[in-house]
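Data first, discussion second: the structure below is written as structure tokens.
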Amino acid sequence: MTDADSSTGPRVFLLPGHDKRVGFGHPWAYSNEIRMDAAAKAIRPGAPAQLVRVDGKPLAVGTFNPKTLIAFRVFAREAGASLDRAFVAERLRAALALRQRLFGLPFYRLVHAEADGLPGLIVDRMGDVCVVQAGTAGVENLTGEILAALDEVLSPRAVVLANESPLRALEGLETYTRVAQGARPGMLEVEEAGLVFYADPLAGQKTGWFFDQRDNRAFVAHLAKGAGAILDLFTYAGGFAIQAAAAGAAKVIAVDSSGPALALAKKAAERNGVAGACEFLKLDAFAALEDLAGRSERFDVVIADPPPFARAKKDVPAALKGYRKLARMAAALVRPGGFLFIASCSHNVTAEAFGLEVAGGISRAGRTGRIVRAAGAGADHPIHPLLPETAYLKTLTLELD
Ligand code: SAH
């Protein structure tokens, strides 16, 4: 007897008593909840599979990796659903319809994994180019179907696979970036808030543009209206800095340790006619903070949007110290009555823990103040209602006395 089913792949059995969470709508089953017998262990990592109860009742269709803690990822609840091009295309159409309601222009995160019914898949859209990230072996195996479905739904000029996430190692996957469809796209233009920015998904970080901070950049730009001086730490392609300058800030200092990132930022500053107000410094952010503190420079708004400090759970204690230090040093440079915007994109750091470290840092800097806004990523980064832990981006804006 075989557990294989021609259309939906092998059957994977949940251990007795473990079907409640998935039955309730949660999209994951963990490896210790699955009958990990020889047949299950022999399944190719990331293969399409059916999740069934011990009595054989079908629960879900998805992808299975016997080697990872999150072993089964639910794509569909209908027995007999098959993860083919038509299935992916239907999910893409739904995701696209939501983004088209949210935005007037085609620049957004088109697919945000579990929340869009495509676990492990990220797709960013920059006009007629799509940048895809496969976070799991299941999605890696579906690459052909995803490319065909993207072609059917959007006919993009090019599709780039930006598979650089270090988390891929957990799934047994290599990292690589390549153009999977169309010609090498070159430098891309991204429109946001009436301005033009540049992204290079083949050389860039993540997918080339951080769409998640869109609303937060707009809010900070609002605070920057008519301001004297703004400091944007970890500026990347200049998102916060250039929007602040365009809002009328007299002077913006933008810092990043990456030369290629700063080249994108400078090009955008010129394109948007604010190069005269912007100074770009290739420096370590903490070194820049120390230097500016020594020169008694003070700013109306300080923005600190660092890369993830904790990629793994074991890095969390060091990351928390890092956020406290960043908050302390950044707060010290905010003029009385000015604002500090600080963010954490480490998914292992909770909003509560982040808030405590920010509060501690401000206090260490001898400052008092109030949180005027706490926010996450924009609406094109929806959150699965049963996966609140995937709300990775936490941001706080404080007014300091
Ligand atoms: N604020 C940006 C995104 C920041 S991504 C936006 O809105 O688009 C984080 C950036 O931090 C990257 O550009 C990376 O090059 C930079 N970076 C990483 N470590 C750094 C350090 N120690 N000092 C300064 N910049 C750093």
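Counting starts at 1 for both ligands and their atoms, in listed order. Model, not experiment: these values are computed from the prediction.
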Would you please classify the geometry between the Trp28 ring and the His26 ring as parallel, tilted or perpendicular, with 30° and 60° separating the classes? perpendicular
Using heavy atoms and a threshold below 4.0 Å, how should the contact between Thr235 and ligand 1 be classified: side chain, backbone, both, or neither? backbone
So if I count the atoms of ligand 1 from 1 in the order they appear, which ones are less than 4.0 Å from some heavy atom of Ser258? 15 (O)
With rounding to the nearest 0.5 Å, note down the distance linking CG in Leu69 to CG in Leu170. 9.5 Å
Within the 4.0 Å heavy-atom cut-off, what Leu283 brings close to ligand 1 is backbone
Which salt bridge (charged side-chain N to carboxylate O under 4.0 Å, His left out) pairs, counting each pair once, include a residue from residues 392-401, with sequence neighbours left out? Arg370-Glu399, Arg370-Asp401
Can you name the atoms of ligand 1, numbered from 1 with element, that are less than 4.0 Å from a heavy atom of Phe240? 1 (N), 7 (O)
Quick one: are the ring centres of Phe341 and Phe240 less than 6.0 Å apart? yes
Strictly under 4.0 Å, does any heavy atom of Ala237 approach an atom of ligand 1? no
Near Asp305, which atoms of ligand 1 are under 4.0 Å from a heavy atom of that residue? 1 (N), 2 (C), 3 (C), 4 (C), 6 (C), 7 (O), 9 (C)
All pairs passing ring pair (Phe, Tyr, Trp, His ring centres under 6.0 Å) where residues 163-200 contributes a residue, at least two apart: Phe197-Trp209
At less than 4.0 angstrom from any non-hydrogen atom of Pro307, what atoms of ligand 1 do you find? 9 (C), 11 (O), 18 (C), 19 (N)
Is Lys57 paired with Asp55 through a side-chain N to carboxylate O contact shorter than 4.0 Å? no
Parallel, tilted or perpendicular, judged at 30° and 60°: which one describes the rings of Tyr392 and His112? tilted
For atom 16 (C) of ligand 1, state which one of Leu264, Val220, Asp212, Asp256 supplies the nearest heavy atom. Asp256
Within a distance under 4.0 Å of any heavy atom of Asp284, pick out the atoms of ligand 1 and give their elements. 21 (C), 22 (N), 23 (N)
Which residue is it: Arg214, Gln243, Gln213? I am looking for the one with a side-chain hydrogen bond (donor to acceptor under 3.5 Å, both in side chains) to Glu192. Gln243
Quick one: does Val255 get within less than 4.0 Å of ligand 1, heavy atoms only? no
On the six-membered ring of Tyr108, is Arg99 placed so that its NZ or CZ lies under 6.0 angstrom from the centre and within 45° of the ring axis? no
State the atoms of ligand 1, each with its element, that fall below the 4.0 Å cut-off from a heavy-atom position in Phe234. 1 (N), 2 (C), 3 (C), 4 (C), 10 (C), 11 (O), 17 (N), 20 (C), 21 (C), 23 (N), 24 (C), 25 (N), 26 (C)
Judged by heavy atoms only, the candidate from Arg214, Glu192, Lys282, Arg217 nearest atom 6 (C) of ligand 1 is Arg217
Under 4.0 Å from one or more heavy atoms of Tyr236, ligand 1 contributes atoms 2 (C), 3 (C), 4 (C), 8 (O), 13 (O)
